Amino acid sequence: MATYKSDFLNILSERGFIHQVSEPDVLDARAVEGQITAYIGFDCTAASLHIGSLLPIMMLYWLQQTGHRPIALMGGGTTRVGDPSGKDESRRILTENDINNNLVGIRAIFSKFLKFENAGGNAIMSNNADWLNKLNYIDFLRDVGKHFSVNRMLAFDSVKMRLERQQELSFLEFNYMVLQAYDFVELNKLYGCTLQMGGSDQWGNIVSGIDLGRRMNGAQMFALTAPLITTSSGAKMGKTAAGAVWLNADMVSPYDYWQYWRNTEDGDVVRFLKLFTTLPLAEIAKLAALQGADINEAKKVLATEATALVHGRAAADEAAGTARKTFEEGTFAQSLPTVEVARATLEQGIGVLNAFAELTALVSSNGDARRQIKAGGLKVNDANVTDEKMTLTAKDLTADGAIKLSLGKKKHVLIKPV
RNA sequence: GGGAGAGUGUCCCGAGUGGCAAAGGGGGAGGACUGUAAAUCCUCUGGCUACGCCUUCGUAGGUUCGAGUCCUACCUCUCCCA
């Protein structure tokens, strides 16, 4: 592992964030001399960011923590185009309205990791729609387009792959890389931003920006990419059966978020502790020494720390407590996800199928509920459901005043009368 | 503009002779084993008021007792020629 002189690169390097760096020595020296400004671009294709975006966010976090200035660039303009990198097919093109709505949700997440001006920090949130939307096509071609070689663009992996697979690549998408390069140059001009970070798939786009900056303004700029994070078993991170693991609490509850990290594979725990928590490396080293079943302790730390970053310490501790009661003590946790039901409805009785499928959505349909019953996967108050005609009534309320429905061993929902 | 192909189980890939709720994977869910892990094994993976009914193979029509499969038009994509 290369050793750097700057805190910034050292920390990123030790914690496993670095895949490739352009001119590492020069960048390192710059970071020692004074404050550098760096940016990462984010899509706004959804109303929230998910775990996949967490890695770049952490890079900005460490950037600020080591005394530099982070810029979170919202792709309000480029989202209207769509990045072909790593995509087999064209993205859906969103309307401007959708994009603006998404921006609002995403902003909220950033403020948990970065200190912006209004919170006494120096972080900047920018939106490339501010300059991209104003571009004049002819001017842009003349000033920027002349610096791009189509021959070279065709050689880029993202483009080459599409061509080789005989998948269409529209001119619109082909321009994505040009726009991203232009973003970098624009941020360089506006804020003196000299470093762009991103996932390893962004290398080509970032380097294009560096070239463009040199040609247009003689600027010296840098690239730093993070490795693509997959789980030990090779799966992409952040997807579960229910969909992406979002960072917004109203899309994925802190409890579920905690559970996501709790279920990390053994082989990933240490790597994830370094990447997705801010625990000192010395402490992580202690946790790394754990073997066998004791690794579960490390997983709990990972879950709690990672949850605390996104949802706050209180929510993280509550999630940890709920999990402890539910899984280790086998007792009732009032803080499990809860569905409220009118008392009168409960008096009349609720069919199990209905309770699992519609009320709590633990399963996707009545048919699915039947299948799970057959497979022994549904439980009411920890007792297996064997009869699909079973009815839940007020009699099933436990001493704690709720009925606990479970799918498998891990998913639990409480029904409470109101 | 001309010619040749492609679009399949609303996650993805992918077989499919006129009888098809449609092979096989991947992914996912549950069970067994465990440590809320991995690996392995087993089961399941359209919906419903359920021995029946309804909805699915790009879209809309048609032929047929019967269409994913045949015909027509259209849409989208790919390739070749202009």
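Just so it is clear, the structure is predicted and the values come from calculations on it, not from any experiment.
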| In whole angstrom, what separates D368(A)'s CG from rG28(B)'s P? | 16 Å

| query | rA67(B) and rC51(B): how far apart are their P atoms, nearest whole angstrom? | reply | 25 Å

| Taking a pair as Watson-Crick or G-U wobble with both distances under 3.5 Å, which nucleotide is matched to rA37(B)? | none

| Since syn is defined as within 90° of 0, does rC20(B) count as syn or as anti? | syn

| note | If pairing means Watson-Crick or G-U wobble with both distances under 3.5 Å, then the partner of rU10(B) is none

| task | Please state the P separation for the pair rG46(B) and rA22(B) - nearest whole angstrom. | result | 10 Å

| message | If you assign L378(A) and I295(A) each to the RNA chain B nucleotide with the nearest heavy atom, which residue ends up on the more 5' nucleotide? | response | L378(A)

| request: Let me know the distance between CD of Q372(A) and P of rG31(B), rounded to the nearest Å. | output: 8 Å

| request: Please state whether the phosphate of rG30(B), meaning OP1 or OP2, lies under 4.0 angstrom from any side-chain nitrogen or oxygen of R370(A). | output: no

| query | Do the side-chain N or O atoms of K410(A) get closer than 4.0 angstrom to the phosphate oxygens (OP1, OP2) of rA37(B)? | reply | yes

| query | Expressed as a whole number of Å, how far does the C1' atom of rU43(B) sit from that of rG52(B)? | reply | 26 Å

| In whole Å, what is the span from the CG atom of N384(A) to the C1' atom of rG30(B)? | 11 Å

| said: Please give the distance between the P atoms of rU59(B) and rU69(B) as a whole number of Å. | reply: 11 Å

| request: Look only at the side chain of T338(A) and the backbone of L336(A), and say whether a donor-acceptor pair between them is shorter than 3.5 Å. | output: yes

| query | F148(A) and side-chain contact (heavy atoms from CB on, under 4.5 Å): which partner among D211(A), N175(A), L141(A), L212(A)? | reply | L212(A)

| query | Given rG35(B), rG31(B), rU36(B), which nucleotide is nearest the side-chain atoms of Q259(A)? | reply | rU36(B)

| said: Nearest to the side chain of K409(A), heavy atoms from C-beta on, is which of rA37(B), rU45(B), rA32(B)? | reply: rA32(B)

| query | So, D183(A) and W131(A): side-chain donor and acceptor under 3.5 Å apart, yes or no? | reply | yes

| Within the structure shown, what part of the strands sits under 4.0 Å from L407(A) by heavy-atom distance: base, sugar-phosphate, or nothing? | sugar-phosphate

| said: Taking rA38(B) as the reference, what is the distance to rG25(B) when you measure between their C1' atoms (whole Å, please)? | reply: 22 Å

| message | Both G367(A) and R262(A) contact RNA chain B. Which one's nearest nucleotide lies toward the 5' end? | response | R262(A)

| field | Atom pair distance, as rounded to whole Å: CD in E328(A) and P in rG35(B) | value | 13 Å

| said: rU36(B), OP1 or OP2 - any side-chain N/O from K300(A) closer than 4.0 Å? | reply: no

| task | Could you tell me whether D139(A) and R142(A) have a side-chain N and a carboxylate O separated by less than 4.0 Å? | result | yes

| Within the structure shown, what part of the strands sits under 4.0 Å from K299(A) by heavy-atom distance: base, sugar-phosphate, or nothing? | base

| field | Rounded distance (Å) that lies between atom C1' of rA50(B) and atom NZ of K389(A) | value | 10 Å

| What nucleotide, of rG31(B), rU36(B), rA38(B), holds the atom closest to the side chain of E265(A)? | rA38(B)

| said: Can you check the distance between rU49(B) and rC42(B), where both ends of the measurement are the P atom (answer in whole Å)? | reply: 33 Å

| field | N188(A) side-chain N/O to C193(A) backbone N/O, donor-acceptor pair under 3.5 Å | value | yes

| In whole angstroms, how far is the P atom of rU36(B) from the CG atom of L302(A)? | 16 Å

| said: It should be established whether S365(A) places a side-chain nitrogen or oxygen under 4.0 Å from OP1 or OP2 of nucleotide rG47(B). | reply: yes

| task | Please measure how far the C1' atom in rG19(B) lies from the corresponding atom in rC41(B), and state the result in whole Å. | result | 37 Å

| Considering every strand shown, what is the Watson-Crick or G-U wobble mate of rA73(B) when both distances are under 3.5 Å? | rU59(B)

| message | Taking K286(A) first and then E283(A), would you say they form a salt bridge - that is, a charged N and a carboxylate O separated by under 4.0 Å? | response | no

| Taking OP1 and OP2 of rU36(B), is either one under 4.0 Å from a side-chain nitrogen or oxygen of K325(A)? | no

| message | Taking E305(A) first and then R313(A), would you say they form a salt bridge - that is, a charged N and a carboxylate O separated by under 4.0 Å? | response | yes

| note | Q291(A) atom CD is separated from rA37(B) atom P, nearest whole Å, by 18 Å

| task | Specify the glycosidic conformation (syn or anti) of rC77(B), with syn defined as within 90° of 0. | result | anti

| said: Once you apply a heavy-atom cut-off of 4.0 Å, does T326(A) come out as touching a base, just sugar-phosphate, or nothing? | reply: nothing

| task | Could you state the atom-to-atom distance from CG of L362(A) to P of rA29(B) in whole Å? | result | 13 Å

| Picking from rU36(B), rG30(B), rA37(B), which would you name as closest to the side chain of D266(A)? | rA37(B)

| note | Closest of rU36(B), rC48(B), rG30(B) to the N366(A) side chain is rC48(B)

| request: Give a yes or no answer on whether the side chain of D400(A) reaches the backbone of A402(A) with a donor-acceptor pair at less than 3.5 Å. | output: no

| For rG1(B), what is the paired nucleotide under Watson-Crick or G-U wobble rules, both distances under 3.5 Å? | rC81(B)

| Counting any heavy atom closer than 4.0 Å, what does R371(A) reach on the DNA or RNA strands: base, sugar-phosphate only, or nothing? | sugar-phosphate

| Inter-nucleotide P distance (rU56(B), rU10(B)), Å rounded | 13 Å

